[in-house]
Amino acid sequence: LIARGAPAEFADQVTVIVEQAEADQLPTEPLISKALEGWAKRGRVPADRVIVVMTQMQVRLRTGRELAMGAGMDAPPGAVVAAAAGALGRGIGREDVLDIIDAAPEPEAAATGLTVASALAAQGLERAAAVRAVRDAYRGGRSLEEVLEFPSVVTGLRAQGEPLAGIARRIMEGGGLPVPMGQGNGMGGQGGPPPGVPGAQPGSPPGQSKKQKGRSGN
């Protein structure tokens, strides 16, 4: 930050937040990215506002970690914690975050499912429908790759003239979302999530296997 022209006071405030997050075993990458992004927008976003946003994100990260642990993960991977924080930031409720983590067969799928639910909410889909689409897909045995296609599916259905309300109704009535054949990563169409939505990277963290189903005892 200082190398980019930021004042020492701002850099020190950022450092305190990041170091506290690290001490709390939270992922620091989202916080660092937010600080750099905020400073890049310094002409429009004041430094004190960036600190407020980082503090709010730190709270969501802490909540995300608590929820992941409540769903049976003894040492939640950073990707899951960050994805849970992102979902909370999109207005997805705590119980819904727990449901997605609980339904996912492994940590990688949990991170992906939370990110997809966030992406669907960002597209304007009703949050309850976004959560149910992911949760029911995992509980029905659908793969991580299929769930990744859901944002593309919604885009395709809308292009065919189906309104978001109709798509939400289809999901809430148990119809789920279809998966188009022959398409790539549905999180943006070219291997990345929609702008502003954190992505889940393939591959479970070292030492992580399927999570324990601690919340419901399944």
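Counting from 1, the numbers follow the sequence of the chain as shown. In this text the structure is predicted, and so the values were computed from the model without any measurement.
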Scan residues 93-132 for pairs that pass ring pair (Phe, Tyr, Trp, His ring centres under 6.0 Å), counting only residues two or more places apart or in two chains.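 Qualifying pairs, neighbours excluded: none.
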What pairs of residues pass the ring pair (Phe, Tyr, Trp, His ring centres under 6.0 Å) test when at least one of them lies in residues 64-94, not counting sequence neighbours?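 Output for this query is empty, none listed.
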What's the shortest heavy-atom distance between [X] and [Y], and which atoms?
{"X": "Met172", "Y": "Ala129", "value": "SD-CA, 3.7 Å"}
{"X": "Ala68", "Y": "Ile101", "value": "CA-CD1, 3.9 Å"}
{"X": "Gln58", "Y": "Ala21", "value": "NE2-N, 3.7 Å"}
{"X": "Ile171", "Y": "Ala133", "value": "CG2-N, 3.7 Å"}
{"X": "Ala87", "Y": "Ser118", "value": "CA-OG, 3.2 Å"}
{"X": "Pro27", "Y": "Gly78", "value": "CG-O, 3.7 Å"}

Quick one: list whatever passes side-chain hydrogen bond (donor to acceptor under 3.5 Å, both in side chains) with [X], sequence neighbours left out.
{"X": "Asp96", "result": "none"}
{"X": "Gln56", "result": "none"}
{"X": "Glu66", "result": "none"}
{"X": "Thr155", "result": "Gln123"}

Below 4.5 Å, heavy atoms only, C-beta onward: do Asp99 and Tyr138 meet side chain to side chain?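 Answer no - side chains too far apart.
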Less than 4.5 Å apart, any side-chain heavy atom of Leu164 and any of Val154?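 Leu164 reaches Val154 side chain to side chain.
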Quick one, Leu125 with Phe150, criterion side-chain contact (heavy atoms from CB on, under 4.5 Å). Give me CA distance, side-chain angles, the key distance, then yes/no. CA-CA 11 Å; Leu125 189 67; Phe150 285 175; over 6 Å; no
Hydrophobic cluster (4.5 angstrom, side-chain heavy atoms) - remaining members for Val59: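 Reading the cluster by chain and number, Val59 sits alone, since nothing else belongs.
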Using links of under 4.5 Å between side-chain heavy atoms of ILVMFWY residues, direct or through other members, which residues join Leu26 in one cluster?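 Its cluster mates, by chain and number, are Leu1, Phe10, Val14, Ile17, Val18, Leu31, Ile32, Leu36, Trp39, Val45, Val50, Ile51, Met54, Met57, Leu61, Val81.
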Checking Asp12 now: which residues fulfil salt bridge (Lys or Arg N to Asp or Glu O under 4.0 Å) with it, not counting sequence neighbours?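 Applying salt bridge (Lys or Arg N to Asp or Glu O under 4.0 Å) to Asp12 gives none.
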Salt bridge (Lys or Arg N to Asp or Glu O under 4.0 Å) against Arg60, all qualifying residues, sequence neighbours excluded: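 Arg60: no salt bridge (Lys or Arg N to Asp or Glu O under 4.0 Å) contacts found.
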Which pairs count as side-chain hydrogen bond (donor to acceptor under 3.5 Å, both in side chains) when at least one residue sits in residues 164-175, sequence neighbours excluded?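 Residue pairs passing side-chain hydrogen bond (donor to acceptor under 3.5 Å, both in side chains), neighbours aside: Glu162-Arg170.
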Give a yes or no on whether Arg158 atom CZ has more than 12 heavy-atom contacts from other residues, nucleotides or ligands under 6.0 Å away.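 No.
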Would you give the length of the straight line joining atom [atom1] of [X] to atom [atom2] of [Y], rounded to the nearest 0.5 angstrom?
{"X": "Leu157", "Y": "Ser152", "atom1": "CG", "atom2": "OG", "answer": "10.5 Å"}
{"X": "Leu148", "Y": "Thr115", "atom1": "CG", "atom2": "OG1", "answer": "8.5 Å"}
{"X": "Ile92", "Y": "Leu120", "atom1": "CD1", "atom2": "CG", "answer": "8.5 Å"}

Pairs flagged by salt bridge (charged side-chain N to carboxylate O under 4.0 Å, His left out) wherever residues 16-37 is involved - sequence neighbours left out: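 Sorted pair list: Asp24-Arg62, Lys34-Glu37, Glu37-Lys41.
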Do Met69 and Ile100 belong together in a cluster built from hydrophobic side chains that touch within less than 4.5 Å?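 They do not share one cluster, since no chain of ILVMFWY contacts under 4.5 Å joins Met69 to Ile100.
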Could you walk me through whether Arg135 and Arg132 pass the side-chain contact (heavy atoms from CB on, under 4.5 Å) test, one step at a time? CA-CA 5 Å; Arg135 184 198 66 194; Arg132 180 159 179 177; 3.7 Å; yes
